[in-house]
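Heads up, the thing below is written out as structure tokens.
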Amino acid sequence: MNVNSDQKPLKAWIVAQVNDEENNKVAYESISLDWKKTSWNGDHKNLIASLFLYDLPENSKNISIYFWNIEGLQFNLSDIHFSISKVLIE
């Protein structure tokens, strides 16, 4: 994706969360943008990242992927692409 912000640093996270059938959180992983870079100038594909959720319980039901804007400041996201893959270890 392309991230563009005048905020330095941009305090925002990309979060993946898995909940079970009773809506209890069973997994949570995040990427902190301010830990990756201090400046996001909107360059093409300036954020390429992966999140791994592992050892998910059998009763996992929903996965949510969201952008948490911690300080509620303005920024722009564009050209967003993501995929979900399952890795089987046998």
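The only option from Phe75, Trp13, Phe82 that meets the ring pair (Phe, Tyr, Trp, His ring centres under 6.0 Å) definition with Phe67 turns out to be Phe75.
If you take NZ on Lys86 and CG on Leu53, they are separated by 13.0 Å, rounding to the nearest 0.5 Å. Here the NZ-CG distance, from Lys8 to Asp6, works out to 7.5 Å after rounding to the nearest 0.5 Å. Atom CG of Leu47 and atom CG of Asn4 lie 13.0 Å apart (nearest 0.5 Å). Atom CD of residue Glu29 and atom CG of residue Leu51 lie 6.5 Å apart, to the nearest 0.5 angstrom. Separation of atoms CD1 (Ile14) and CG (Leu33) is listed at 5.5 Å; rounding is to 0.5 Å. From Met1, atom CE reaches atom NE2 of His81 across 10.0 Å, with rounding to the nearest 0.5 Å.
When atom types are taken as modelled, the side chain of Asp20 and the backbone of Ser60 share no donor-acceptor pair closer than 3.5 angstrom. Checked by atom type and distance alone, the side chain of Asn62 never pairs as donor or acceptor with a backbone atom of Asn19 at under 3.5 Å.
Ile31 and Trp40 fall within a single hydrophobic cluster, where Ile, Leu, Val, Met, Phe, Trp and Tyr are joined by side-chain heavy atoms under 4.5 Å apart, directly or via other members. Cluster membership for Ile63 and Tyr66, using ILVMFWY side-chain heavy atoms within less than 4.5 angstrom, is not shared. A single hydrophobic cluster is seen to contain both Ile84 and Leu56, as judged by linkage of ILVMFWY side chains at heavy-atom distances under 4.5 Å, directly or through other members.
The heavy-atom pair separating Gln7 from Gln74 by the smallest distance is CG-O, 4.1 Å. Here the closest heavy-atom approach between residue Pro57 and residue Val26 is recorded as CG-CB, 3.8 Å. What you find for Tyr28 and Gln17 is that their closest heavy atoms are CD1-OE1, 3.7 Å. Nearest heavy-atom pair, Ser5 versus Leu10, reported as atom, atom and distance to 0.1 Å: OG-CD1, 3.8 Å.
Under the 4.5 Å side-chain criterion, counting only non-hydrogen atoms from C-beta, Lys37 is not in contact with Val3.
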